[in-house]
Amino acid sequence: MATKIKLVIVGIGGVGGYFGGLLSKKYSGSTDVEIIFVARGAHLKHIKENGLKVITGKHEFITRPDLATANFNEIGIADYIIICTKSYDLAETIQQLKPCVDKNTILLPLLNGVDATDRIKEILPEATVLKGCAFIVSRLKAAGVIENSGSIQKLSFGLDTPLTEKIILLEHLCLNAGIAANCTDKIAKAIWEKFIFISATATATSYFNSPIGKVLEENNETIIKLIDEVKNLALAKEISISSDISEKTLHTMKSMKYEVTSSMHSDYLNRKPETEVESLTGYVVHEGIKMGIEIPTFALLYKGLIKA
Ligand SMILES: NC(=O)C1=CN([C@@H]2O[C@H](COP(=O)(O)OP(=O)(O)OC[C@H]3O[C@@H](n4cnc5c(N)ncnc54)[C@H](OP(=O)(O)O)[C@@H]3O)[C@@H](O)[C@H]2O)C=CC1
Ligand SMILES: CC(C)(CO)C(=O)C(=O)O
C-alpha cells in the first residue's frame, strides 16, 4: 500500500455524503489518509467552493475533502473506493472507475440490493469487491448539503470468505472517523436481511405512493406478504437468515418515523428519469420465477411500478 492511503467516495448523495463526510472530517488534510469525493454538477461546484455540509438533528459540520472532482483520471490508483451511487448509475460509474483500480484496490458498494458486487466483478474481474450495506435515512437536501434524519447510521461490510488485513483496516478507518462500521466474514446474512427489509419497503412505499407509516396503517397485509415472498427467495438461495426475520423486519418498519420513505420512493416523487425498481423489486420477481418461488405480490406491484 502507498504510504498515504487513498480513499475515494463516489456518489456524494444521502449515503456517500454522510459516511464520506465523516471520513473527510477525520482525515482530510492528514498525513496518512487522502480523501477524494467524486461528485458532479452543481453539487460538485458547491462542495469545491464551500465544502460539504452534513446535518444530523441539531448538529452539523462542514468538511472539505482533499480533492473533489468529476474527473476519474485526476484520481490515480485508489486503495479503497466506496461506491454510493444509485443502482441505475452503477455500470457507467464502474467503467469510469477503471483508471483508479488495480489488483490491490478494494471496492465497497453500499447500494441497496444484493447484486451490486456481482455486477462490479463482471466489469472489474481482478479487483477485490466487498459486499456492504448502509443503515441510515439520509438525503441530499440541496447542492452541498446532506441531511440525515433517522436515529441509526451504521455500515456492515465484508465477504463470505476470510478477511485480509487491508479489509480490516477499512473498518478501523471508519471506526476512527466515528462511523459505526461492522466488518464480517459472513456478510450474506446482513446483506439479505437488509434486502428483505428494503425490497418490501421500497416496493410498497413506491407502489402506494405513501410513507412507511401510512403503508403499515393501510396495507399491512401486503407488507407481510412481500416480506414472506422475499424471505422465501433468500431461503431458496440457502442464505442463512434469522429464523424470526419476518417479525424483526416488521418491527424495524414499525420503529421508523411515520413520515419516512424509501430512497426509491423519493426518486419516484422527484420524477427522476430512472429508479431502483429493477434491483429492489424486479430482482425478486425475476429470481423468484427462475427459482420456482411463489412471488404473486411482488409480481403484481412490479407490474404497477414499471407502468408508472
Ligand atoms: N438515502 C438513504 O437513506 C439510503 C440509501 N441507500 C442506498 O444507497 C444508494 C445511494 O442512495 P442515495 O445516497 O440515497 O442516492 P443519491 O441519489 O442521494 O446519491 C447518489 C449520488 O451519486 C451521484 N452519482 C451517480 N453516478 C455518479 C458518477 N458517475 N460520478 C459522480 N457522481 C455520481 C449522483 O449524482 P446526480 O444527482 O448528478 O445523478 C448523486 O449525487 C442507493 O442504492 C440507495 O438505495 C441505502 C440506505 C439508505
Ligand atoms: C432505510 C431506508 C428506507 C432509509 O432511507 C433506505 O434504506 C432507503 O431509503 O433506501
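Excluded from the calculations below are hydrogen atoms, water molecules and symmetry mates; all remaining heavy atoms, backbone and side chain alike, are included. Atoms within a ligand are numbered from 1 in the order they appear, just like the ligands themselves. In this chain, residues are counted from 1 in sequence order.
Proximity of Cys133 to ligand 1, defined as any heavy-atom pair under 4.0 Å, is not found for any part of the residue. Under 4.0 angstrom from ligand 1, the non-hydrogen atoms of Gln96 all belong to its side chain. At a 4.0 Å heavy-atom cut-off, ligand 2 touches Arg139 through the side chain alone. At a heavy-atom distance under 4.0 Å, no atom of Glu276 approaches ligand 2. For Gln153, no heavy-atom contact with ligand 1 is shorter than 4.0 Å.
Among residue pairs with one or both ends in residues 134-143, those qualifying as side chain to side chain donor-acceptor pair (under 3.5 Å) are Arg139-Ser266; sequence neighbours excluded.
For the ligand labelled ligand 2, residue Lys194 lies inside the 4.0 Å heavy-atom shell. Close to ligand 2: Phe197, with a non-hydrogen atom less than 4.0 angstrom away.
A side-chain contact (heavy atoms from CB on, under 4.5 Å) with Phe195 holds for exactly one of Asp115, Ile239, Val230; it is Val230.
The atoms of ligand 1 that sit less than 4.0 Å from any heavy atom of Ala134 are 47 (C). Against a heavy-atom cut-off of under 4.0 Å, Arg139 is close to the following atoms of ligand 1: 1 (N), 2 (C), 3 (O). Every atom of ligand 2 is numbered from 1 in the order shown, and the set under 4.0 Å from a heavy atom of Ser263 is 8 (C), 9 (O), 10 (O). The contact set between ligand 1 and Glu276, taken as ligand atoms under 4.0 Å from a residue heavy atom, comprises 42 (C), 43 (O), 44 (C), 45 (O). For ligand 1, the atoms lying closer than 4.0 Å to a non-hydrogen atom of Leu110 are 8 (O). The Asp89 neighbourhood of ligand 1 comprises atoms 25 (C), 26 (N), with distances under 4.0 Å to a heavy atom of that residue.
Nearest to atom 3 (C) of ligand 2 by heavy-atom distance, out of Pro211, Ala202, Ser262, is Ser262.
What sits closest to atom 10 (O) of ligand 2 on the protein, heavy atoms only, is Asn112 ND2, 2.7 Å. From the protein, the heavy atom lying nearest to atom 2 (C) of ligand 2 is Ile136 O, 4.0 Å. Among protein heavy atoms, atom 6 (C) of ligand 2 sits closest to Ile198 CD1, 3.5 Å.
Taking the centre of each ring, Phe37 and His43 stay at or above the 6.0 Å mark.
Of the charged side-chain nitrogens involved, at least one lies within less than 4.0 Å of a carboxylate oxygen, so that Arg40 and Asp89 count as a salt-bridged pair. A salt bridge links Glu287 with Lys290; the closest basic N to acidic carboxylate O contact falls under 4.0 Å.
Cation-pi geometry between Lys194 and Phe135 is met: under 6.0 angstrom from the ring centre, within 45 degrees of the axis.
For Glu193 and Ser242, the side-chain atoms include at least one donor-acceptor pair closer than 3.5 Å.
Ligand 1 has no N or O atom lying under 3.5 Å from any N or O atom of Lys194, backbone or side chain.
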